[in-house]
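Data first, discussion second: the structure below is written as structure tokens.
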Amino acid sequence: MTVATRLANAGDLASLRQKILAGRKSTKIAISVCAGTGCRAQGSMELFEEFQRELQEQNLTDVEVRATGCHGFCEQGPLVVIFPRKIFYRGVKVKDVPRIVEKTIRNNEVVDSLLFKDPATKKKCLLENEVPFYAKQQRIVFRNNGKIDPTQIDDYIAADGYAALAKVLTKMSAEQVIEQVSQAGLRGRGGGGFPTGRKWDICRAQPGDEKYVICNGDEGDPGAFMDRSIMEGDPNSVLEGMTIGAYAIGASRAYIYVRAEYPLAVTNLSIALEQSRSLGLLGENILGSDFSFDVEIVRGAGAFVCGEETALIASVQGDIGSPQQRPPYPAQAGLWGKPTNINNVETWANVPVIIDKGSKWFAGMGTEHSKGTKVFSLVGKVLNTGLVEVPMGTTLREIVYDIGGGIPKKRKFKAVQTGGPSGGCIPESLLDLPVDFEKLTEAGGMMGSGGLIVMDERTCMVDVAKYFLAFLVDESCGKCSPCREGVMQMHSILCRIVQGEGREGDIELLEQLAAYVKESSLCQLGGTAPNPVLSTLRHFRNEYEAHIKDKKCPAGVCTALVEFEVDEELCKGCGLCMRDCPTEAVIGEKKQPHKIDVELCIKCGVCYEDCPFDAVIAK
Amino acid sequence: MARMGVFICWCGANIAETVDCEAVASYAGALPGVTIARSYKYMCSDPGQRLITDAIQEHKLSGVVVASCSPRMHEPTFRMAAASVGLNPYMLEMANIREHCSWVHTNRREATEKAKDLVRILVEKVKRNQPLQEIEVPVTQRVMVIGAGIAGIQAALDVAAAGYEVALVERQPSIGGHMAMLDETFPTLDCSQCILTPRMVEIMQSKNITLHSYSEVEQVDGYVGNFKVKVRHKARSIDMSKCTGCGDCWKYCLARNKISEPSGPAAPEESPAEVAEKVDTLLEKYTDRAGMVIGLLQDVQNEFNYLPQDTLVYLSVKSKIPLSRLYAVARFYNGFSLEPRGKYIIRVCLGTACHLRGGGRIADAVVRELGIEHGETTADKLFTLERVNCLGTCALAPVITVNDKYHGKMTVGKMMKVLEECAREKPEQVGVEEAQIV
Ligand SMILES: Cc1cc2nc3c(=O)[nH]c(=O)nc-3n(C[C@H](O)[C@H](O)[C@H](O)COP(=O)(O)O)c2cc1C
Ligand code: SF4
Ligand code: SF4
Ligand code: FES
């Protein structure tokens with residue numbers, strides 16, 4: 001940090017920005033190491049320290065080492081970018097450090113083996129945006145992620161951070177802010193897709209001086225991690241968005257509710273809070289205006305239902321997170337009974353750019369009713385897993401194949417699951433669907449928080465439905481009986497089916513129960529709980545029938561219904577399966593076709609997954 | 001072999017308008033064990049009853065189901081009719097297809113299906129019925145109510161008000177039960193103390209009620225109308241005739257605070273003074289802040305590795321947050337543990353991305369290897385296994401964490417290595433004495 005004196009007005013902010021920028025030569029060599037959780041898991045912090053050590057040792061004090069937020073391509077981590085050329089290295093290990101310093105830092109040469117190789121063209125990519133994973137992306141929410149050091153507010157300010165806030169405080173009325181957000185067509189990224197401007201307006205219109213703003217960082221959808229990435233990698237953008245929102249609504253206090261499993265997000269947000277407070281970007285009389293506002297972090301404690309807004313409010317109040325009947329909506333009576341506006345992390349992060357670049361610019365991206373971009377977490381059975389940000393209306397095919405690189409091991413695509421436990425599965429025939437709020441819902445899926453989970457031919461859709469219901473049985477708060485009992489009954493029917501004990505009429509029974517649960521649950525957890533079953537029934541009914549009538553699992557997943565066998569033609573005798581089999585059920589000599597002893601086999605499926613030649617088949 | 005008769009009543013249009021009674025009759029006729037099934041406009045009318053009695057005689061029926069209105073209405077009518085021709089009246093039952101079906105549904109097809117279900121269920125029931133005989137026994141006009149929660153209290157008061165003697169038995173030193181621990185009641189959020197406490201007082205005032213608190217039922221003999229119950233009064237070392245209930249002795253009572261609290265392990269290493277000191281320090285951060293419970297419990301758990309019972313009791317006394325609320329929160333959120341946890345907490349992600357890429361197999365492997373289930377801790381207190389629904393690093397699925405360290409792209413083989421490594425670090429990581437024990 002250069003200075004920690006309070007900024008008295010917008011002019012101070014601008015000159016601070018000038019000062020920071022002047023101190024940074026664009027030709028300076030900098031090594032930026034991704035310090036998102038994904039890369040950390042693969043050892044990026046050790047890498048960071050090693051770079052520091054090596055540079056020190058070689059007396060290259062001029063070179064800066066920077067730890068940034070997530071780049072999104074976690075699959076290939078740890079990621080390192082060398083500035084000013086922006087050379088993009090992937091899968092960097094500690095042992096590569098001396099080589100990078102020697103070749104790239106000292107001699108401006110490229111270490112070829114660390115570049116990304118496009119599996120399709122076999123071409124090496126020098127820069128990040130040459131990598132096909134990034135080529136089709138448009139990074140608005142992720143504008144800073146991977147570029148700035150999230151623990152340095154200077155970095156954010158240098159990247160035009162807080163300019164939008166300054167503009168709002170000096171030039172715009174609350175109504176104008178709401179107007180601009182409404183015209184941009186921004187809709188909630190937390191799942192429901194409610195127009196953000198309208199939400200703010202409702203809350204603003206409520207009587208009373210005491211109002212609250214909440215940022216929903218609970219991110220409960222398993223398989224989605226974009227909110228985490230934003231909170232960790234660009235916490236100030238969320239704070240700036242919240243401050244603007246609070247100004248528009250007339251709130252002076254806010255809470256960020258962060259999921260229990262995200263300690264790094266808490267750390268980085270706390271640092272950002274402290275730094276922005278000391279600059280007077282939070283607190284009393286922000287930038288010399290008469291607007292005062294502060295934010296507090298609340299840690300969740302592990303309950304999916306706390307993502308639901310009324311449950312979240314209860315949790316912030318220190319109660320168990322059980323949802324309340326709506327109305328009254330939080331906008332009317334929320335936290336401590338006062339009008340409260342809740343938005344999702346990604347929604348908040350969009351706000352500063354909209355103010356900065358205008359509603360026309362934002363509304364220029366996307367489809368008729370869904371504007372801007374959406375961050376998806378592309379995971380599951382897809383080659384390039386990670387976070388991708390694309391304009392609304394991009395087709396699933398582009399996301400899965402162009403960006404995601406298709407399905408590993410040349411297997412067949414089966415479906416993509418969207419919207420988490422409330423969402424649904426979209427089959428191959430709908431791959432050309434342009435994704436936006438409406439289109440996904442029509443297809444039986446849901447935008448949700450943006451998890452895109454790709455499934456291949458070895459995914460059993462009955463098992464997937466059962467998986468989600470098990471999740472929901474676990475996470476139901478138990479307050480209302482349709483959800484507590486109904487979902488459990490549906491789950492037990494599915495358990496029966498995958499055990500090979502499915503009966504005639506089970507499908508109809510599931511449909512009937514689904515209708516009851518949907519209609520009569522108190523909150524949307526129960527209200528959407530049957531979706532995974534309904535959407536798989538809609539598109540993959542034949543798989544259910546195969547389980548019930550023929551007692552077969554076509555995908556070879558449901559252990560009670562399969563038997564594993566080695567195809568002698570395909571087996572190369574590599575022995576991988578033998579190594580991992582927990583019961584030593586695989587027998588065979590090296591380089592000879594192996595065999596599975598059916599008596600010993602516990603059907604754990606390790607061999608089925610392991611075999612590089614797909615020689616283990618499920619019968 | 002059962003010989004059943006089924007009689008479907010139209011109740012004029014009351015039932016027939018919504019339920020296809022003919023269809024139900026022919027469905028019933030085909031059920032196993034059913035000899036005859038008829039529908040008729042008013043089964044309760046004389047000709048209707050005659051239809052039943054004739055059929056009983058003609059077909060030598062062993063049981064009868066009448067599908068019509070509520071048994072509240074006509075069960076005696078039909079049973080009397082059955083008895084008049086020699087069928088044991090308890091071999092006749094009613095299926096309520098009016099209040100439970102035609103009156104509450106509008107869709108004729110669905111209502112008809114439901115009526116069929118109801119009839120089928122009753123047919124199966126009657127097949128299992130046994131003929132019963134009515135006898136008379138003398139009744140001792142005294143009542144014992146066991147358990148003085150709100151239900152027991154109310155029952156005792158009602159019976160006493162009707163003029164009978166009541167013996168009310170309660171295991172705890174105080175009556176009131178669970179309701180005394182609640183703040184509000186579902187679903188109206190009424191104040192539970194306002195409901196409970198006046199009734200507790202009434203119990204003591206009622207001349208007809210003898211209260212046996214801190215007492216336990218040991219043995220129950222006899223039969224309806226003539227029970228013999230043995231109740232053990234637990235030792236209380238108090239002369240009840242002299243006690244004024246001033247409560248001064250409570251301060252010194254060693255058993256106090258132990259009785260109605262949930263049981264759980266106490267902090268293993270800390271003395272009560274140390275617990276108090278640590279909790280006090282943690283509490284300082286939270287002065288005057290509403291909604292502090294979750295953060296506070298998280299801090300306590302970070303300090304003690306789990307939530308020991310004695311710390312919660314102390315915390316409750318000190319912070320004036322009801323113990324029941326602390327326990328409610330601790331039990332609701334997955335992030336809290338009321339049991340001691342191991343040195344290494346292994347979290348296996350079973351989120352969607354990890355599930356698809358074999359997270360379940362990793363979890364199974366840990367279960368197999370360590371011999372513990374999810375949420376359990378190994379006997380040597382080295383490992384705890386927990387299941388999470390997404391660790392937020394889905395791109396590296398399947399993912400696990402060991403304490404705070406992430407491991408991505410796991411395989412069963414890699415998992416075994418991680419466990420081995422942890423086990424190897426054991427001696428230096430765990431204190432010396434502990435290392436010798438294991
Ligand atoms: C069961 C359930 C879980 C939810 N989980 C989340 C979540 O993890 N994150 C989130 O932002 N919204 C979640 N929501 C949606 C929120 O209730 C709320 O609509 C959202 O935070 C509003 O913000 P937005 O308008 O910016 O989307 C959940 C809703 C339900 C019913
Ligand atoms: S629908 Fe489920 S989660 Fe929602 S209130 Fe009812 S029981 Fe709780
Ligand atoms: S892994 Fe496949 S190829 Fe290798 S030995 Fe097993 S079945 Fe044969
Ligand atoms: S699903 Fe396992 S980390 Fe997200």
Side-chain angles (χ1 to χ4, degrees), chain A residues 37-38 40-42 73-75 77 219-225 228 259-263 298-304 306 315-322 336 377-381 385-387 417 420-421 451 453 455 459 464 467-468 471 474-475 477 479 579-580 582 604-606 609-610, chain B residues 110 186-187 286 289-299 301 321 325 328-336 347 349-361 364-365 368-369 386-397 399-401 404-409 411-413 416:
Chain A
T37 301
R40 278 177 191 233
Q42 307 180 77
F73 203 6
C74 320
E75 218 295 285
E219 191 154 76
D221 278 6
F225 57 110
R228 160 183 214 153
R259 190 162 179 253
E261 287 82 4
Y262 292 179
V298 178
R299 286 173 295 166
F304 172 68
C306 284
S315 188
V316 173
Q317 293 177 173
D319 281 321
I320 61 170
S322 64
W336 319 117
S377 75
L378 186 62
V379 293
K381 307 276 188 77
T385 50
L387 294 174
Q417 207 279 347
I453 295 149
M455 303 174 175
T459 313
V464 166
Y467 163 78
F468 278 115
F471 174 86
D474 223 29
E475 296 292 349
C477 84
K479 182 168 179 170
R579 191 195 66 190
D580 282 348
C604 73
V606 166
E609 202 47 46
D610 272 356
Chain B
E110 286 180 2
F186 180 81
Y286 290 93
R289 250 196 55 197
M292 61 183 182
V293 181
I294 296 175
L296 191 48
L297 288 180
Q298 276 166 338
D299 287 351
Q301 175 156 305
I321 303 169
R325 170 121 174 258
V329 169
R331 291 222 166 91
F332 182 84
Y333 294 97
N334 295 333
F336 294 116
R347 295 200 175 87
C349 178
L350 294 176
T352 324
C354 293
H355 173 75
L356 283 184
R357 288 200 171 187
R361 268 200 293 281
D364 290 348
R368 258 198 317 270
E369 184 67 18
E386 288 180 359
R387 196 172 54 176
V388 290
N389 291 322
C390 191
L391 287 160
T393 31
C394 325
L396 306 181
V399 184
I400 66 144
T401 58
D404 292 332
K405 195 166 161 34
Y406 285 78
H407 299 262
K409 301 184 189 165
T411 58
V412 171
M416 292 303 136

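Chain letters run A, B, ... following the sequence lines, proteins first and then strands; every chain starts at 1. What's counted below: heavy atoms across the whole structure, side chains too, no hydrogens, waters or symmetry copies.
Minimum heavy-atom separation, A/Ser377 to A/Phe225: CB-CE2, 3.6 Å. Across all their heavy atoms, B/Asn389 and B/Leu350 have their closest contact at OD1-O, 4.2 Å. Here the closest heavy-atom approach between residue B/Arg325 and residue B/Val293 is recorded as NH2-CG2, 3.6 Å. Residue B/Lys409 comes nearest to A/Gln42 through the heavy atom pair NZ-OE1, 3.7 Å, listed as atom of the first residue, atom of the second, then distance.
Using modelled atom types, no side-chain atom of B/Tyr406 and backbone atom of A/Gly38 make a donor-acceptor pair closer than 3.5 Å. When atom types are taken as modelled, the side chain of A/Thr385 and the backbone of A/Val379 share no donor-acceptor pair closer than 3.5 angstrom.
Atom CD of A/Gln417 sits about 9.0 Å away from atom CG of B/Leu356, to the nearest 0.5 Å.
If you tally non-hydrogen atom pairs under 4.5 Å between each of A/Ile453, A/Asp221, A/Ile320 and chain B, the highest count goes to A/Ile320. Of the listed residues (B/Val388, B/Thr393, B/Val399), the one with the most heavy-atom contacts under 4.5 Å to chain A is B/Thr393. Per-residue counts of heavy-atom pairs under 4.5 Å with chain B were compared for A/Glu609, A/Arg228, A/Glu261; the largest is that of A/Arg228. Contact count against chain B (heavy-atom pairs under 4.5 Å) is highest for A/Cys604 among A/Gly386, A/Cys604, A/Ala260, A/Gly220. Most heavy-atom pairs under 4.5 Å with chain B: of the set A/Gly223, A/Ala301, A/Cys306, A/Ala41, this distinction falls to A/Ala301.
With a threshold of 4.5 angstrom between heavy atoms, B/Val329 approaches chain A through its backbone and through its side chain. Proximity to chain B (any heavy atom under 4.5 Å) is restricted, for A/Asp474, to the side chain, taken from C-beta onward. Of the atoms belonging to B/Ala397, not a single heavy atom falls under 4.5 Å from chain A. There is no contact between A/Phe304 and chain B, counting heavy-atom distances below 4.5 Å. Contacts of B/Arg368 with chain A are made by side-chain atoms alone, with heavy-atom separations under 4.5 Å and no backbone atom involved. Contacts of B/Asp364 with chain A are absent, with no heavy-atom separation under 4.5 Å from either backbone or side chain. Interface remark: A/Arg259 contributes side-chain atoms only to the contact with chain B (heavy atom separation under 4.5 Å).
Residues B/Tyr333 and A/Ser315 bring a donor and an acceptor atom of their side chains to less than 3.5 Å of each other.
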